[in-house]
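Throughout, protein chains are lettered first and strands after them, A, B, ... in sequence-line order, and every chain is numbered starting at 1. Reckoned from all heavy atoms, side chains included, excluding hydrogens, waters and symmetry mates.
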Amino acid sequence: MANHVYIDHIGEHVGETVTIKGWLANRRSSGKIHFLLVRDGTGFLQVVMGRNDVGDETFTRADHLGQESAIIVTGQVRADQRARGGYELVASGLEVVAAAHDFPITPKEHGVDYLMDRRHLWIRAERQTAILRVRHEVINAIRDFLNGEGFTLADTPIFTPAACEGTTTLFPVQYFDDNTAYLTQSGQLYNEANAMALGKVYCFGPTFRAEKSKTRRHLTEFWMVEPEMAYADLDDVIGLAERLVCSVVGRVLDRREKELKVLERDTSTLASVQSPFPRLHYDEAAKILLERGLPFQVGGDLGGTDETVLSERYDRPVCVTHYPAAVKAFYMKPDPNQPDRALCVDVLAPEGYGEIIGGGQRVDDYDLLVARIKEHGLPMEAFEWYLDLRRYGSVPHGGFGMGVERCVSWLCGLEHVRETIPYPRMLYRLYP
RNA sequence: UCCUCGGUAGCUCAAUGGCAGAGCAUCCGGCUGUUAACCGGAGGGUUGCUGGUUCGAGUCCAGCCCGAGGAGCCA
């Protein structure tokens with residue numbers, strides 16, 4: 001067998017006889033010549049098979065191959081403008097590893113429900129593999145950026161003993177005989193403890209929300225990276241968020257041009273994502289929304305439409321700060337100059353994608369934190385360990401959480417976050 | 001949980017209350033440069049479920065099931 005090569009490196013082997021190991025994505029024929037579109041996980045390649053070149057037996061076998069049959073093809077690599085990608089393989093041999101018949105996802109159109117029921121097969125599609133590669137790049141870019149800034153990965157537990165923040169609905173799970181654990185909604189509280197140990201830390205893992213949200217921005221299981229810094233204020237947090245977003249966008253533009261092209265993403269809007277991001281005080285945001293005639297309640301949180309309207313005003317992400325403390329989590333530090341406001345920031349992605357980051361500075365005063373826990377009606381005993389962080393060397397600190405799927409959805413220009421993760425978990429979807 | 005829309009062949013969709021249709025997929029045949037190839041032929045149906053109105057229901061009515069979009073909630 002000739003040298004096995006992957007399709008993404010096929011251009012380095014022009015003139016050589018090589019072997020491609022993959023699956024049949026599509027097949028066309030004109031009687032004495034077959035065009036087999038083969039994919040191998042790294043790309044798609046057109047294989048040209050002439051009856052006279054391979055003989056009747058091989059040619060006839062290729063004639064009846066179904067979509068997604070596993071095949072190993074040997075042939076000579078040739079540059080040819082008529083082939084997509086610019087290269088094709090002139091077949092001299094074909095081995096059928098496993099024939100497939102009636103693959104359910106044809107090159108024609110399908111509905112979302114149909115595709116989602118077959119998600120394990122749908123991810124073979126060129127568009128889906130492009131999205132998943134962008135996701136991979138985003139995750140690596142995040143890790144590389146934070147590691148490069150001196151952050152230490154310190155993961156937080158997924159089983160948690162009680163409602164962390166008291167604001168969201170949690171998934172309960174049986175924990176041995178008589179205990180109930182809850183799937184984490186945020187590593188936030190543990191992250192603060194880790195920051196007091198390691199200075200600059202992050203956790204990066206799955207997060208679970210049991211809200212019955214039914215929109216294009218929500219999953220019940222999603223991935224979130226949460227950096228947290230000791231000795232940091234709101235400006236430090238915003239600066240970190242800006243650098244992180246710019247780094248991730250730049251990295252994807254640099255290394256995933258091919259995938260973005262498959263997705264027909266207009267990259268000019270991504271190229272303008274540069275520091276600094278515009279900053280918008282909550283009061284200014286409220287003024288803009290009211291001037292637009294939106295039914296916005298001053299003092300309340302921003303709704304999906306509000307976020308869209310605000311983010312569409314800029315060519316880069318916008319940082320909205322100083323939300324009313326009442327709509328934010330209990331651990332958000334109040335602004336000393338405006339105590340009813342929180343030292344917090346939400347970063348809204350442009351083009352209507354909305355919130356991708358939420359964070360801020362944390363309450364570092366023991367008495368205030370105790371008061372906040374009481375105000376929110378949270379059980380004090382569950383937070384004793386958290387209060388220890390204010391008893392023993394409390395310092396100003398802060399951080400944020402960034403949703404991976406929302407980032408990927410924005411970078412890929414998708415309509416819905418459900419395509420940004422291999423197996424999305426949603427209100428009405430737990431299979432496959 | 002609420003609002004809106006949808007469910008007809010394997011898929012995507014048509015069908016004034018009056019014979020159940022097309023394209024693709026599948027199978028058979030044709031074609032040596034196709035790009036979601038094309039051309040000819042064949043097979044393929046409990047119209048989501050239950051009940052009702054009607055001479056007659058895919059179509060109208062009621063309830064239910066499933067899904068999508070949005071709202072709320074949230075990241």
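Among B:rC28, B:rA68, B:rA36, the nucleotide with an atom closest to any side-chain atom of A:H64 is B:rC28. Which of B:rG72, B:rG69, B:rC74 sits closest to the side chain of A:K212 comes down to B:rG72.
Remark: the separation of the C1' atoms in B:rU8 and B:rA15 is 10 Å, to the nearest Å. Spacing between B:rG23 and B:rA42 at atom P, rounded to whole Å, works out to 11 Å. If you take atom C1' in B:rG17 and the same atom in B:rG29, they sit 43 Å apart, rounded to whole Å. Across B:rG6 and B:rG10, the matching P atoms stand 23 Å from one another, rounded to whole Å. For the P atoms, the distance from B:rC61 to B:rG41 is 40 Å, rounded to whole Å. If you take atom P in B:rU47 and the same atom in B:rG21, they sit 14 Å apart, rounded to whole Å. Taking atom C1' on both nucleotides, B:rG56 is separated from B:rA20 by 16 Å, rounded to a whole Å. Between B:rG67 and B:rG48, the two C1' atoms lie 11 Å apart (nearest whole Å).
Outside the 6.0 Å centre-distance limit, the rings of A:W122 and A:Y114 are not counted as a close aromatic pair. A centroid separation of 6.0 Å or more is found between the aromatic rings of A:Y331 and A:F383.
Here the P atom of nucleotide B:rC2 and the CD atom of A:E211 are 18 Å apart, to the nearest Å. Here B:rC65 presents its P atom at 10 Å from OH of A:Y428, a figure rounded to the nearest Å. Per the geometry, CG belonging to A:D113 stands 17 Å off P belonging to B:rC65, to the nearest Å. Taking atom NZ on A:K214 and atom C1' on B:rA68, their separation rounds to 6 Å, with Å as the unit. Per the geometry, CD1 belonging to A:I105 stands 18 Å off P belonging to B:rA36, to the nearest Å. Across the protein-nucleic acid pair, A:F204 atom CZ and B:rA75 atom P stand 18 Å apart, rounded to whole Å. Atom-to-atom, CG of A:L170 to P of B:rC73 comes out at 18 Å; the value is rounded to the nearest Å. Between the C1' atom of B:rA25 and the CG atom of A:L24 lies a distance of 14 Å, rounded to the nearest Å.
Among the heavy atoms of the strands, none lies under 4.0 Å from A:F103. Among the atoms of the strands shown, none is found under 4.0 Å from any heavy atom of A:D301.
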Any chance you could encode RNA chain B as dot-bracket? Rule is Watson-Crick or G-U wobble with both distances under 3.5 Å; [ ] for pairs crossing earlier ones, | for another strand.
(((((((..((((....[..)))).(((((.......))))).....(((((..]....))))))))))))....
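Both A:D102 and A:D63 sit near RNA chain B, but only A:D102 has its closest nucleotide nearer the 5' end. Between A:M224 and A:E415, the residue anchored nearer the 5' end of RNA chain B, judged by the nucleotide with its closest heavy atom, is A:E415.
No side-chain donor-acceptor contact under 3.5 Å links A:Y282 and A:D346. In this structure, a donor-acceptor pair under 3.5 Å is present between the side chains of A:S186 and A:E226.
Formation of a donor-acceptor pair under 3.5 Å by the A:E312 side chain with backbone atoms of A:E351 is not found in this model.
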Determine, step by step, whether A:R119 and A:Q128 satisfy the side chain to side chain donor-acceptor pair (under 3.5 Å) criterion, reporting the C-alpha distance in whole Å, the side-chain angles of both residues, the deciding distance to 0.1 Å, and the verdict.
CA-CA 10 Å; A:R119 181 63 176 167; A:Q128 297 306 311; 2.8 Å; yes
Please walk me through it: do A:K261 and A:E257 pass salt bridge (charged side-chain N to carboxylate O under 4.0 Å, His left out)?
CA-CA 6 Å; A:K261 194 172 180 182; A:E257 189 183 1; over 6 Å; no
For salt bridge (charged side-chain N to carboxylate O under 4.0 Å, His left out), just list the numbers for A:R51 and A:D56, CA-CA rounded to whole Å, side-chain angles, deciding distance to a tenth of an Å, and then say yes or no.
CA-CA 6 Å; A:R51 182 186 284 274; A:D56 286 354; 3.2 Å; yes
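Cation-pi contact between A:R84 and A:F44: present, with separation from the ring centre below 6.0 Å and deviation from the ring axis of at most 45°. Cation-pi geometry between A:R425 and A:Y423 is not met at under 6.0 angstrom from the ring centre and within 45 degrees of the axis.
Side-chain nitrogen and oxygen atoms of A:T305 include at least one within less than 4.0 Å of the OP1 or OP2 phosphate oxygen of B:rA71. Regarding contacts with the backbone of B:rG69, a side-chain N or O of A:R418 is found under 4.0 angstrom from either OP1 or OP2. Within the 4.0 Å cut-off from OP1 or OP2 of B:rC74, not a single side-chain nitrogen or oxygen of A:R209 is found.
Legend: ring pair (Phe, Tyr, Trp, His ring centres under 6.0 Å) pairs involving residues 5-34 of chain A, not counting sequence neighbours, sorted by first then second residue: A:H4-A:Y6, A:H34-A:F59.
Partners of A:R341 by salt bridge (charged side-chain N to carboxylate O under 4.0 Å, His left out), not counting sequence neighbours, listed by chain and number: A:D283.
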Can you give the donor-acceptor pairs under 3.5 Å from side chains of residues 285-308 of chain A to other protein atoms, not counting sequence neighbours?
| from | atom 1 | to | atom 2 | distance (Å) |
| --- | --- | --- | --- | --- |
| A:D306 | OD2 | A:G303 | N | 2.8 |
| A:E307 | OE1 | A:E355 | N | 3.0 |
| A:T308 | OG1 | A:G304 | O | 3.0 |

Expected rows: protein N/O vs nucleotides 8-13 of chain B N/O, under 3.5 Å:
| from | atom 1 | to | atom 2 | distance (Å) |
| --- | --- | --- | --- | --- |
| B:rC11 | O2' | A:E109 | O | 3.0 |
| B:rC11 | O2' | A:H110 | ND1 | 2.7 |
| B:rU12 | OP1 | A:G111 | N | 2.9 |

Got a list of protein N/O to nucleotides 32-34 of chain B N/O distances below 3.5 Å?
| from | atom 1 | to | atom 2 | distance (Å) |
| --- | --- | --- | --- | --- |
| B:rU32 | OP2 | A:S30 | O | 3.3 |
| B:rU32 | OP2 | A:K32 | N | 3.4 |
| B:rU32 | O4 | A:N52 | ND2 | 2.2 |
| B:rG33 | O2' | A:R82 | NH1 | 3.4 |
| B:rG33 | O6 | A:R78 | NH2 | 2.4 |
| B:rG33 | N1 | A:E88 | OE1 | 3.4 |
| B:rG33 | N1 | A:E88 | OE2 | 2.9 |
| B:rG33 | N2 | A:Q46 | NE2 | 3.2 |
| B:rG33 | N2 | A:E88 | OE1 | 2.6 |
| B:rU34 | O2' | A:R28 | NE | 3.2 |
| B:rU34 | O2 | A:R28 | NE | 2.7 |
| B:rU34 | O2 | A:R28 | NH2 | 3.2 |
| B:rU34 | O2 | A:Q46 | OE1 | 3.4 |
| B:rU34 | N3 | A:Q46 | OE1 | 2.9 |
| B:rU34 | N3 | A:Q46 | NE2 | 3.0 |
| B:rU34 | O4 | A:Q46 | NE2 | 2.7 |
| B:rU34 | O4 | A:R82 | O | 3.0 |

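Within 6.0 Å of CD in A:E12 there are more than 12 heavy atoms belonging to other residues, nucleotides or ligands.
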